[in-house]
Amino acid sequence: MAANGVAEFDGQLTSPAGVTGRRQNGYMFIVLGGSPSGRTTLTELNAAGATVATESLSRPELLREVARREPEHPRWVWDDTSQWYPVLLAAGLAVERCHDLRLCHRILRLAEAARDTELARAQPNAWDDAPLEQTASGTALFDDVADLAEASDAGSDPGARDPIAEFTLQRAALDAVAAGSPTAASRLQLLLAAESSGALIAEEMRARGLPWSTAVHDAALTELLGPRPQFGGRPRKLQAFADSIGELLQAPGLNPDSQHDLLRALKRAGLSVTSTSKWELRSQKHPVVEPLLEYKKLSRLHSANGWAWMDAWIRDERFRPEYVVGGVVTGRWATRGGGALQLPAQVRGAVRAGDGWTLVVADAAQLEPRIIAAMSRDEKMAAAGREGDLYQGLVNAGVVDTRPHAKLAMLGALYGATTGESARLMPKLARAYPRAIGLVEHAARTGERGDQVSTWLGRSSPTPGPTWHAAQRAAAEAEATAVDERRARQLARDWGRFTRNFVAQGTAAEWALCWMAGLRIRLRALADERGEPHLAYFLHDEVIVHSPEDLTDAVTDAISAAAADAGRLLFGSFPVNFALTIVAVSSYDQAK
DNA sequence: GCTTAGAGCGCC
DNA sequence: AAAAGGCGCTCTAAGC
C-alpha cells in the first residue's frame, strides 16, 4: 500500500476487489467498436496498448466471442456501457470489468490533474456529452457553467467515435499525469475503474430489477387515498380533503393544486402567508392547516408514486430504473424517469424479497464527515466515529451538547451554513477539528475565487461560466456600484458553497463506487445452487442486496468487508472506519 | 396544442 | 426567519 493510501498500481487494474490492483499475466484489453446491434469490430490490445488481433463480428459472433474470452478476465473497452452491456446481459453474459470511454472521457476532460494533456487540450468532439437536458427546475447555479460540452452538438453521433483512438488518448493522458505525479495518476486510474464498474452495476441492476409487489403498493395506495378511480380524477379520500379545505376556506370547489387560487383563498381566510409551502403553513394557526398539509402529502403520493407511476414503471413485479452513472457533477448517480432515487417511505413496503429470499439493506452512517476526516487526516474527527455513531462521538468528546446539535453543526460545515443555529454551532466544530473543517473551508475559498476543486481521486468541479466572471469583473471596476459588489459577492459565496460540498459529496460518491465494485465481486463469489445474491438498488450511500435467505450472513459479511476494502483502497491505513447499518428484511420499509 | 418557468416536495 | 449542497418529477400557469 502506498503512503498516500491508494493501492499501488503497476499500470493496470485487477484485484481481489475488482477495482484495482496488480497486473496478471496476459492482461489484456479488448476494444469493441461499431455497434452491438450491427457489426462489431473487436480489437485485442496487449497491456502496452499494442494491437494483438482484430476481427469483424456479427452479433451472434460477438456474443460467442465475449463468452469465449471472458474467462481470461479481459477489460472490455467500449464507448458506452449503457449501449453494449444490455445486449450482453440479455444473452446471459456478465463481464467482470470494462472501461467506459464516455464516462472516463468526461472525468479526464475536466480533471485538474490532467489539464496539460492532449486529451484535455483537444477541441470538443463526439466524446463530449451533449449538454445535459435541464430539468424543469434547472438550477441557476449550473445554467452558467462553462462546460466543455456546450460547444459540442456532435455528441450523439457515434459514427465520429473511434474507440481505439480515444482509448489511446486516455492512456496517454494518464501516462502524462503519472510523469508529474504518480499518486495523482493512480488515483485517477482508480476513479476510472470504479466509474466503469459502476456502469456495469447500473446495467446489471436494471436487468435484474428491484422486486416490487404491485399488490402491496396498490393496497398502500388504497389505504391512504381510497380505491383507484375508474375514470381518472381524485381518489375518494383525497377528494374528501379537497372538499373540506374548500369549506374551511369558504371557497367551494377550490382546487388545492392551483397555487394561485389556493394562496388567494388562504389570504382571504386571514392567514398571513406569502406562499403555499409546507414550512410557512405549519407556522399558521387555522383549522385548514392540518387538512391542507395532509392533502399535499397524499396528493404528492398520488401524482408521483400512484397508480399511474405503477403502470408506467412496474413490469412483471420488477422496478427497473435507468440509472445515470455520474449523472451529477459531483459524481453521484442520477436516474432517468421513475424517480428511483426519490422513492418515498410510503411505498417502500412494496419492495419485497421473493419467497426464500431476503433484502439485505446497508447504509453508510455519517459518510461525508468520515470522508472529510480521512481526506484531511483529522485523527480526532476519525476517532469520534470509531465507536459507530459519529454524531454521538462529537457529543462524547464534549464538542457539542446534544446529538441533534452535532448533526446540525456538521451539516452546516458540509453545506456552508451562514445563518441560523447551524451557522452558530459550526465554529465549535472548527475549533475542535481544524483539519477536517479546514479542508471544506479551503474548498469554499477556492470556489469563491472561481478556481476548481477536486475530489480525493481527482474528479474536478466545473468552473463558473461567463456570467459569473462578468459579475466579478464588474465588481472590481473603479466605478462599481454597491449593487455590483453585492451581486458578485453573492455569486462568489454561492459557488464557494458548491465547491465546499463538492469535495465531500464527490469523494463520498467515490467511496460508494469502490464499496459497490468490491461488493459486486464478492457477491459473485457467493453464488451457488441456492442462487446468486445481487445488488438490487443503490442510493448514494445505501445499497440493497437481494439474496437467498440462506446466504444472508455471508452477504452481510461481504458488505462489511467491501466497505473496509473501500476505506483502505482510498485512504490506506488512516484509522477511519466507515460504519454501516446492515439489516436483513423481507421488505424495504422494515429497514431504518 | 406544445413548451417552459416556477413552485413545491420527495430522496441523499 | 427560511437558512445550507446535490438531484428528479409533477403540477399549474403563462407564453408561443
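When reading the values below, keep in mind they use all heavy atoms of this one structure, side chains included, and skip hydrogens, waters and symmetry mates. Here is how names work: the chains are called A, B, and so on, in the same order as the sequence lines, proteins then strands, and each is numbered from 1.
Scored by the salt bridge (Lys or Arg N to Asp or Glu O under 4.0 Å) test, A:Asp363 finds no partners at all (sequence neighbours excluded). Take A:Arg449 and apply the salt bridge (Lys or Arg N to Asp or Glu O under 4.0 Å) test, not counting sequence neighbours, and it matches A:Asp451. For A:Glu195, the salt bridge (Lys or Arg N to Asp or Glu O under 4.0 Å) criterion is met by A:Arg459, not counting sequence neighbours. With sequence neighbours excluded, the residues that form a salt bridge (Lys or Arg N to Asp or Glu O under 4.0 Å) with A:Asp257 are A:Arg234.
A:Asp100 and A:Thr81 are linked by a side-chain donor-acceptor pair at a separation below 3.5 angstrom, with hydrogens and angles left out of the test.
Among the nucleotides C:dA13, C:dG6, B:dG6, the one closest to any side-chain atom of A:Asp261 is C:dA13. Side chain of A:Pro344, nearest nucleotide from B:dC11, C:dC11, B:dG8: B:dC11. Candidate nucleotides C:dG5, B:dG6, C:dC7 were compared by shortest atom distance to the side chain of A:Ala334, and C:dC7 ranks first. Comparing C:dC11, C:dT12, B:dC11 against the side chain of A:Leu539 picks out B:dC11 as the nearest. Counting only heavy atoms from C-beta on, A:Asp257 has its side chain closest to C:dT12 among C:dT12, C:dC7, C:dG5. For A:Thr419, taking side-chain heavy atoms from C-beta onward, the closest of the listed nucleotides C:dG6, C:dA3, C:dT12 is C:dA3.
Across all strands shown, A:Gly412 has no heavy atoms under 4.0 Å from either base or sugar-phosphate atoms. Residue A:Leu414 is classed as having no contact, given no heavy-atom separation below 4.0 Å to the nucleic acid. Within 4.0 Å of A:Lys592, counting heavy atoms only, lie sugar-phosphate atoms of the nucleic acid but no base atom. Within 4.0 Å of A:Ala417, counting heavy atoms only, lies at least one base atom of the nucleic acid. At the heavy-atom level, A:Arg497 lies under 4.0 Å from the strands shown only through sugar-phosphate atoms. Within the 4.0 angstrom heavy-atom criterion, base atoms lie near A:Ser422. If you check every strand for non-hydrogen atoms under 4.0 Å, A:Ala423 touches nothing. Here A:Leu343 lies in heavy-atom contact (under 4.0 Å) with sugar-phosphate atoms only.
Atom-to-atom distance recorded for A:Leu210:CG and A:Leu359:CG is 7.5 Å, nearest 0.5 angstrom. Between A:Arg315 atom CZ and A:Met310 atom CE the span is 10.5 Å, to the nearest 0.5 Å.
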Identify each donor-acceptor pair in which a side-chain atom of residues 432-445 of chain A lies under 3.5 Å from a protein atom, sequence neighbours left out, and give them as a table.
unit_1, atom_1, unit_2, atom_2, d
A:Arg435, NE, A:Ser376, O, 2.7
A:Arg435, NE, A:Arg377, O, 3.1
A:Arg435, NH2, A:Ser376, O, 3.0
A:Glu441, OE1, A:Arg445, NH1, 3.0
A:Glu441, OE1, A:Arg500, NH2, 3.4
A:Glu441, OE2, A:Arg500, NH1, 3.3
A:Glu441, OE2, A:Arg500, NH2, 3.3
A:Arg445, NE, A:Glu448, OE1, 3.2
A:Arg445, NH2, A:Glu448, OE2, 3.3

Report, one line per pair, each donor and acceptor closer than 3.5 Å where one atom sits in a side chain of residues 502-512 of chain A; sequence neighbours left out.
unit_1, atom_1, unit_2, atom_2, d
A:Gln505, OE1, A:Thr330, OG1, 2.6
A:Gln505, NE2, A:Asn501, OD1, 3.0
A:Thr507, OG1, A:Trp456, N, 3.1
A:Thr507, OG1, A:Val503, O, 2.7
A:Glu510, OE1, A:Thr455, OG1, 3.4
A:Glu510, OE1, A:Leu457, N, 3.1
A:Glu510, OE2, A:Thr455, OG1, 2.5

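One can find a donor-acceptor pair under 3.5 Å joining the base of C:dC7 and the side-chain atoms of A:Gln342. For B:dC9, its base sits under 3.5 Å from the side chain of A:Arg300 at one donor and acceptor pair at least.
Screening residues 324-349 of chain A for ring-ring contact (aromatic ring centres under 6.0 Å, His included), with sequence neighbours left out, gives A:Tyr323-A:Trp333, A:Trp333-A:Phe538. Residue pairs that meet the side chain to side chain donor-acceptor pair (under 3.5 Å) test with at least one member in residues 340-352 of chain A, sequence neighbours left out, are A:Arg348-A:Tyr588. Listed by first and then second residue, the ring-ring contact (aromatic ring centres under 6.0 Å, His included) pairs involving residues 212-257 of chain A are A:Trp212-A:His217, A:Trp212-A:Trp309, A:Trp212-A:Phe319, A:His217-A:Trp309 (not counting sequence neighbours).
Within residues 202-228 of chain A, no residue places a heavy atom under 4.0 Å from DNA chain B. Using a 4.0 Å cut-off on heavy atoms, the residues of residues 271-282 of chain A that approach DNA chain B are A:Ser275, A:Thr276, A:Ser277, A:Lys278, listed by number.
The nearest whole Å value for the distance from the CZ atom in A:Arg459 to the C1' atom in C:dG6 is 13 Å.
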Detail all sub-3.5 Å separations between protein N/O atoms and N/O atoms belonging to nucleotides 14-16 of chain C.
none

